[in-house]
Amino acid sequence: MKQTEGTVQGIYQATGRGFGFLIPEEGEDYFIPPRCDGGAWNGDRVAVLPDRTEAARGERRTGRVVEVLERANRVVTGVLQKHNRELWLQPDQERLPGPIQVLGKSRLARAGDKAAVAMTSFGSAKHPPLGALRRVFGPAASREAAVEAILYNYEIDPAFPDAVRAAAQAAPEQVGPGEREGRLDLRDKLIFTIDGASAKDLDDAVSLEQDEQGRWVLGVHIADVSHYVPAASPLDLEAWERGTSVYFADRVVPMLPPELSNGICSLNPRVDRLTLSCLMTLTAEGELVGHTIVKSVIRTVERMTYDDCNALLAGEEAALTQRYGAILPTLRDMAALAAVLEKRRRLRGSLDLDSSESAIRCDETGAPVEVQVRRPGVSEKLIESFMLSANECVAAHLKALGKPCVYRVHEKPSLDKTEKLKSMLAPLGYTLGAADQFSLQKLLAQAQGKPEAAAVSSLVLRSLMKARYDTEDLGHFGLAARDYCHFTSPIRRYPDLMVHRILTALLDGTLRGASEKKLAAAAARAAVQSSQREIAAQNAEREIEKRYLAEFMQAHLGETFPAAVSGVTRFGLFVMLGSGVEGLVGVEALPGSGWHYDEQRMSLTSFDGSRVFSFGMPLEVVCTGAAPESGQIDFRLAGEAAPAPPAQRTERREPSRPGRRDRNPRAMHVPKSRKGRKKR
C-alpha cells in the first residue's frame, strides 16, 4: 500500500491522449500530465499527490497518481485482433489503454469479432494488460454485436434468470375477487391512459372530475406493482439489480419480466387492475387544497395515444371526435388544468428546457429507416404536468409524516459550473447574474424563438447538476419543487417501487418500529443503487443510439444538411442536424492551416483570424462517413474540398506491444443530454 498522506482522492478521467484529470469529490479538477497516471485507467478511483508548487492564478492545478484505490474496468469490451498467433482486444472505449492480451481459447473467437474480457492484470511499463475471454458477440461491423456488447459492458442483461421467469409466470393474469377487498373501488370512474403508440408497460392512468364545491379532483392512478413484487423475492432482487428499464430505438430491456410489465401490472383497457391512487383536490387556480392517497382498483375505459389526444384537442380528426366523444370534454378540462399547473410551476421558477428527442423508427428487421425530432404536444405536457403534481404530493405527504422516502433530488449548480456557463454564453451575446431559477428562466425566455435558442438551452442543461436519488429531501432545483420523489413509474423504475412499498406499509398500518427501520434501510440502499443504474442505463442508451444513427446515415453519405455546432474541441467541431443526428467535422476538414482552441468560449479561430467557429453557429455540412460498429459519423463543411482520409481514425496499429491508443478527437466530447422516452 502506497503512502496516501497529503493526497487528494477522486475519479481519474483519462483522455486517450496520454494525459488526464482527477475529478475530486469537492473542489477543482487536477491536471495529470503524461506518464503521471500511475497505471490508472479511466474511471478508477485514485489518490493524487498535488504538485508542491502552488499553481499561479488562472493556471490549472496539477498532480500525479500515487495509488489506484479501486478499479472501475473489471470487464472490457472491444474488437479482437490477431498478432503472432495471439488474440488481442482493442477496447471500444477510446479512453482505455490497449491492446489487451487475451487469455484462454475459444473456437468461436475470430479476429474482427466483438468480444468481452474479464481483466486479470492491468499491465505495467514492461507487461501488457491481460484479460480472460468471457463472451464473443459476433462480427464487430454489425449493429447487433455492437448493441449486445454495450449492454454487456453496462451489466444490462436482456434475459431474466430462471427463478425470476418462473416467479413472473406464476403471477395471475387477472385480478381475483379477494384482491379487491379493502380497496377503494373506482371502476365506475372515467379513467384512461395516455401513452406512446408502441408502449406496452402502461403504469399510469388519469381521471378528472369536480366536487360539490366546484373544485377539481385530479386522480393519478399508478399500477400497484409492489402487490406482485414482494420484498426480497426473486422478482424484487432482480428489479433492484437492474434499477430501471432501458429503452432504445424499437427495443426495451425491462426491469420486470413482460408477464408483469406488459401483463397484470400494465393498466390495459377494460380490465380490472390494482393501483395506488393519488387524489388531489385543486382550486381553479391550481392550488392544492387537499389530497388522499389510497389503495384502489380501477378499470380504464380507453388506451389513448399521444397522437390521438393531440389531434382530438386540435379538432383535426372528425372520426376521432366521434369515437372518443365521451372522453373529449374531460380531456379538454385536463388540458386546461395542466396549463394552469404549468403556469404555477413557471411562476415559482421551474425551468422550461428543450425537451425534444430523436425518435428512431426501424423496419421489421430492426434496421433504422427514419429519424425524427419529437417534440412534446399538448397531451404529452398534460401527462407530464399531472405526474409532476402526484410526485410532489406524495413526497410532501411522506415528509410531513416523518416517514422514509426515496426522494428525487436536484441540487443548485455549483460555482464552477455557473462561471463556466457565463463564459460560454458570452460569445452568444448573453449575460447571466446569479444562476438561480429565475435568472436562468429569464435567460431561456430571451433566447426563445432565436436561432441560438437550442444552443442556450443545451448550455444551461449542461451547467445543471445531475439529478439523483437520496433519502434526504434536498428539493428539486430544475422543477423549483421543495419536495419531490418518483411515484408514477414503478414498472420501470425501482425507486418508484420502493415508494409504493413504503406507502403500502403506511396505509396498512405496519410502518412503525422494526418494520419502518427496515424499510428506511432498504430505501437508503435503493437510492444509491438506483442512481448508479440510472447512469449506466443512460450511457448505454446514448451509446446504442449512436450506433443506430450511424447505420441510418450510411444511406445518406454525400448528402448536404443544415446543422448547428453542438460542441467544440481542439480536434474539430461537433455538429447536430435538425433530426438530432450528431457527428464530427474534424480540424483536417476545416479550411486553413491551423486553428486556435478557446475552451472557455468553446470556439475555434483560424491562425490568421479570418474564421471563427463557435458553439451554436449554424452551418451546412456534408456527411462523409458513418460507422455503425463505433457510432462515429463524420462531416465536412459544404462548399469545402473533401480532406484526405484521417488514417489515425480509420486504421488501428498492430498490437505488437502494449501502448496507449492514438489520440482520439472524440474523447472529451459530452453529447447533448436527452430526456427519457417515458414520463418523469
Side-chain angles (χ1 to χ4, degrees), residues 74-78 92-93 108 113-118 133-171 196 198-203 225 228-229 233-266 360-368 489-494 497 529-530 532-549 551 628-629 631 676-678:
R74 296 294 180 181
V75 175
V76 177
T77 60
D92 288 330
Q93 294 186 49
L108 300 177
D113 279 348
K114 184 81 73 174
V117 298
L133 189 64
R134 282 292 176 264
R135 186 171 298 187
V136 178
F137 303 105
S142 72
R143 169 181 34 84
E144 292 82 359
V147 169
E148 285 189 38
I150 292 169
L151 293 175
Y152 186 88
N153 187 53
Y154 287 104
E155 300 179 342
I156 299 168
D157 193 347
F160 287 91
D162 291 342
V164 176
R165 294 291 300 188
Q169 290 165 2
S198 61
K200 297 178 181 177
D201 49 352
L202 314 179
D203 45 17
V225 177
Y228 300 101
V229 183
S233 66
L235 285 167
D236 182 50
L237 296 175
E238 182 69 14
W240 186 88
E241 288 285 350
R242 291 172 180 255
T244 181
S245 296
V246 181
Y247 297 86
F248 56 92
D250 61 339
R251 290 179 56 189
V252 57
V253 180
M255 184 180 79
L256 296 170
E259 290 86 350
L260 294 178
S261 61
N262 299 352
I264 190 62
C265 291
S266 184
I360 302 171
R361 186 174 67 84
C362 300
D363 62 17
E364 62 278 0
T365 68
S489 294
I491 289 178
R492 70 177 187 95
R493 290 188 306 223
Y494 195 82
L497 176 56
Q529 167 73 358
S530 297
Q532 293 173 346
R533 294 313 301 161
E534 178 186 42
I535 293 172
Q538 289 173 344
N539 288 339
E541 288 172 352
R542 185 159 46 236
E543 289 188 26
I544 290 172
E545 182 182 76
K546 287 168 58 179
R547 270 65 177 182
Y548 276 86
L549 294 178
E551 181 174 346
E629 65 271 20
R677 291 174 175 79
K678 296 286 286 183

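Just so it is clear, the structure is predicted and the values come from calculations on it, not from any experiment. Worth knowing before you read on, the calculation uses all heavy atoms, side chains too, and leaves out hydrogens, waters and symmetry mates.
The side chain to side chain donor-acceptor pair (under 3.5 Å) test applied to S198 returns no partner, not counting sequence neighbours. Partners of Y228 by ring pair (Phe, Tyr, Trp, His ring centres under 6.0 Å), not counting sequence neighbours: none found.
Residues E144 and V147 fail the side-chain proximity criterion, which asks for heavy atoms closer than 4.5 Å. Counting heavy atoms from C-beta on, the side chains of V117 and V75 never come closer than 4.5 Å. No side-chain heavy atom of S261 sits less than 4.5 Å from a side-chain heavy atom of V225. Counting only heavy atoms from C-beta outward, the side chains of V229 and W240 never approach each other to under 4.5 Å. The shortest side-chain heavy-atom distance between L151 and P158 falls under the 4.5 Å cut-off. Between E238 and P161 the shortest side-chain heavy-atom distance falls below 4.5 Å. In this structure the side chain of F248 reaches within 4.5 angstrom of the side chain of R251, judged on heavy atoms. Residues Y494 and R242 fail the side-chain proximity criterion, which asks for heavy atoms closer than 4.5 Å.
Note that CD of E629 and CD of E551 are 10.5 Å apart. Values are rounded to the nearest 0.5 Å. Here the CE-CD1 distance, from M255 to I491, works out to 8.5 Å after rounding to the nearest 0.5 Å. Distance check, rounded to the nearest 0.5 Å: OG1 of T77 to CD of Q93 gives 6.5 Å. Between E148 atom CD and N153 atom CG the span is 13.5 Å, to the nearest 0.5 Å. Residue N262 holds its CG atom at 10.0 Å from CG of L256, rounded to the nearest 0.5 Å. Rounded to the nearest 0.5 angstrom, I360 CD1 and L549 CG are separated by 4.0 Å.
The heavy-atom pair separating P139 from A145 by the smallest distance is O-CB, 3.3 Å. Between C362 and A249 the shortest heavy-atom distance is SG-CB, 4.0 Å.
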**Prompt:** Where do R165 and F160 land on the side chain to side chain contact (heavy atoms under 4.5 Å, CB included) test, with the steps shown first?
**Reply:** CA-CA 6 Å; R165 294 291 300 188; F160 287 91; 3.6 Å; yes

**Prompt:** Yes or no on side chain to side chain contact (heavy atoms under 4.5 Å, CB included) for D92 and I150, after CA distance, side-chain angles and deciding distance?
**Reply:** CA-CA 9 Å; D92 288 330; I150 292 169; over 6 Å; no

**Request:** Report the C-alpha distance between L497 and D236 in whole Å, list the side-chain angles of each, state the deciding distance to 0.1 Å, and finish with yes or no for side chain to side chain contact (heavy atoms under 4.5 Å, CB included).
**Result:** CA-CA 9 Å; L497 176 56; D236 182 50; 4.2 Å; yes

**Message:** Please determine whether side chain to side chain contact (heavy atoms under 4.5 Å, CB included) holds for the pair V246 and V252, giving the CA-CA distance in whole Å, both sets of side-chain angles, and the decisive distance to 0.1 Å.
**Reply:** CA-CA 6 Å; V246 181; V252 57; over 6 Å; no

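A perpendicular orientation is assigned to the rings of Y152 and F137, their planes being inclined by more than 60° (bins at 30° and 60°).
Between the side chain of S266 and the backbone N or O of L202, at least one donor-acceptor pair lies under 3.5 Å. Within the 3.5 Å criterion, the main-chain N or O of A115 finds no donor-acceptor partner in the side chain of D113.
Exactly one residue among Q529, E155, R533 makes a side-chain contact (heavy atoms from CB on, under 4.5 Å) with E241. That residue is Q529. Looking at E543, Q538, E541 one by one, the single match for side chain to side chain donor-acceptor pair (under 3.5 Å) with Y154 turns out to be E543.
Annotation: D162, atom CG; neighbour count of heavy atoms from other residues, nucleotides and ligands within 6.0 Å does not exceed 12.
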